[in-house]
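Note sheet for the following structure.
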Amino acid sequence: MPRGATRQQPLPDRASLKDPRTFTGISTVPDMGDVVPVTDNAQPQLPVELTDADGYNVTVKDASRILALDLYGTYTKTLMGLGLQNNIVGRTVSSTEPALADLPVVTQGGHNINVEAVLQLSPSLVIVDHSIGPREAIDQIRDAGVTVVVMEPTRNIASIGDDIKNLGSVVGLPDEADKLAERSKKDLDADMEAVKKLAPDQPLRMAFLYARGNGGVFFILGEGTGAQDLIEGIGAVDVAAENGLKDAAPANAEALAKLNPDVFIMMTEGLKSTGGIEGLMQRPGVEQHQRVVALPDGQSLAFGPQTGELLLRTAQAVYNPDQAQ
């Protein structure tokens with residue numbers, strides 16, 4: 001199965017690598033591109049009857065025009081892996097797959113569903129969860145007669161296979177979902193073994209910073225956001241979780257000084273929006289020459305079919321940035 005170039009390269013011996021604590025500045029993890037589908041001829045087995053996460057009894061009769069909306073871009077990546085790329089008619093800003101770049105965005109400000117934009121696309125099926133909203137917008141789409149399925153994914157490393165299978169069952173592709181889940185787990189296991197060969201015996205301490213612009217959107221992502229799984233997945237310590245921070249906590253000077261991480265993890269576009277590395281250094285509590293590793297926004301916390309590759313690419317950027325692809 002085609003993959004990114006990352007795992008194809010021989011990994012260096014841990015002893016030959018520099019101490020990752022000596023690196024400064026920014027390392028960027030490149031975008032991984034589109035998910036390779038498990039089939040080129042997906043034939044959904046419909047209708048599917050289910051009770052969604054909000055308790056609604058739903059019958060999915062038509063998956064020809066799908067809107068799959070969440071904060072992380074997980075659903076579109078999974079649908080592409082199931083072979084339904086051509087059935088996706090719109091996206092959120094987090095669905096950054098190259099193949100979907102020309103589709104209309106139906107969210108505003110990243111998180112808010114534009115009901116009018118959704119209805120203009122005449123979707124036959126809207127798949128959504130409460131990572132975006134508001135709830136009233138989801139209700140308006142349902143009340144307009146559109147089939148809506150509200151999901152409640154676990155969205156962490158351990159749940160990748162189950163989350164893929166749950167989505168596959170909604171669109172009538174259980175066999176394809178089994179194949180995609182199995183492939184994703186196999187890739188994840190191999191990539192995490194490779195990560196172990198890169199990570200130092202003394203783990204680095206990291207924090208995930210979420211920034212949008214130079215205003216007040218500047219947070220430390222704590223427990224419940226997926227940041228801990230990502231950081232621990234590359235063999236590091238999540239200092240936010242270690243200090244009991246939950247959800248998104250303000251990244252003020254006091255909090256940053258207390259955490260004092262070796263590395264900040266950020267989203268690439270989020271870092272750009274705050275003025276790049278130079279703008280980040282102007283933030284109270286951010287040390288000069290602070291190490292930053294930037295991940296693609298639509299892949300950093302998706303926990304979908306490409307998670308293994310993301311972990312390996314991130315580990316390479318952290319521990320061996322001179323050779324990272």
Side-chain angles (χ1 to χ4, degrees), residues 1-14 29-45 68 70 72-85 95-100 151 153-199 226-236 295-296 298-320 323-325:
M1 186 60 63
R3 286 277 310 228
T6 308
R7 199 201 299 160
Q8 308 304 325
Q9 300 177 355
L11 294 174
D13 181 76
R14 171 68 252 175
V29 176
D31 192 283
M32 293 178 295
D34 294 330
V35 179
V36 177
V38 295
T39 178
D40 294 325
N41 186 33
Q43 300 291 329
Q45 302 170 31
D70 70 315
Y72 308 95
T74 311
Y75 298 144
T76 51
K77 293 171 181 58
T78 302
L79 290 173
M80 290 181 69
L82 295 173
L84 293 179
Q85 172 189 319
S95 292
T96 56
E97 299 91 312
L100 306 182
M151 307 288 289
T154 305
R155 199 177 270 116
N156 58 36
I157 288 177
S159 73
I160 289 170
D162 287 341
D163 289 343
I164 289 172
K165 292 177 184 180
N166 288 339
L167 184 58
S169 68
V170 169
V171 295
L173 294 173
D175 294 339
E176 289 81 358
D178 286 344
K179 292 178 183 177
L180 182 60
E182 181 180 358
R183 189 186 81 189
S184 301
K185 181 65 165 56
K186 182 179 179 181
D187 288 346
L188 177 65
D189 289 345
D191 287 325
M192 292 190 75
E193 283 300 312
V195 167
K196 291 178 182 178
K197 298 178 181 179
L198 293 170
Q228 182 177 4
D229 261 37
L230 172 70
I231 290 171
E232 292 181 351
I234 59 170
L295 280 56
Q299 294 166 342
S300 58
L301 297 173
F303 295 112
Q306 295 171 308
T307 299
E309 188 172 4
L310 175 73
L311 292 176
L312 181 52
R313 286 181 180 234
T314 303
Q316 288 180 314
V318 171
Y319 305 125
N320 191 26
Q323 299 298 318
Q325 295 293 314

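Note that the structure is predicted; figures quoted are calculated from it, not measured. Counting begins at 1 with the first residue of the sequence.
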Nearest heavy-atom neighbours spanning [X] and [Y]:
X    : Y    : value
M192 : G233 : CE-O, 4.0 Å
N166 : S169 : O-OG, 2.6 Å
S95  : L100 : CB-CD1, 4.4 Å
L310 : S300 : CD2-O, 3.6 Å
D34  : P98  : OD1-CD, 2.9 Å

Could you check if a side-chain atom of [X] sits within less than 4.5 angstrom of a side-chain atom of [Y], using non-hydrogen atoms only?
X    : Y    : value
P30  : R313 : yes
D70  : M151 : no
I164 : P305 : yes
L84  : L173 : yes

Item to complete: For the pair K179 and D175, find out whether any cationic side-chain nitrogen is under 4.0 Å from an anionic carboxylate oxygen.
Response: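 Looking at K179 and D175, the cut-off is not met.
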Under a 3.5 Å distance rule, please check whether [X] uses its side chain to pair with a backbone N or O of [Y] as donor and acceptor.
X    : Y    : result
K77  : G298 : yes
Q306 : G33  : yes
Y319 : I234 : yes

[atom1]/[X] to [atom2]/[Y] distance, rounded to the nearest 0.5 angstrom?
X    : Y    : atom1 : atom2 : answer
E97  : M80  : CD    : CE    : 5.5 Å
L311 : D187 : CG    : CG    : 11.5 Å
T314 : D191 : OG1   : CG    : 10.5 Å

Practice prompt. Could you walk me through whether E182 and K185 pass salt bridge (Lys or Arg N to Asp or Glu O under 4.0 Å), step by step?
Written response: CA-CA 5 Å; E182 181 180 358; K185 181 65 165 56; over 6 Å; no
Worksheet item: Residues in side chain to side chain donor-acceptor pair (under 3.5 Å) with N41, at least two apart?
Response: Q43
Practice prompt. Could you walk me through whether V318 and L198 pass side chain to side chain contact (heavy atoms under 4.5 Å, CB included), step by step?
Written response: CA-CA 9 Å; V318 171; L198 293 170; over 6 Å; no
Indicate every side-chain donor-acceptor pair of residues 156-163 with a distance under 3.5 Å to a residue at least two apart or in another chain.
from, atom 1, to, atom 2, distance (Å)
N156, OD1, A158, N, 3.1
N156, OD1, S159, N, 2.9
N156, OD1, S159, OG, 3.2
S159, OG, R155, N, 3.2
S159, OG, N156, N, 3.0
S159, OG, N156, O, 3.2
S159, OG, D163, OD2, 2.9
D163, OD1, T154, N, 3.4
D163, OD2, R155, N, 2.9

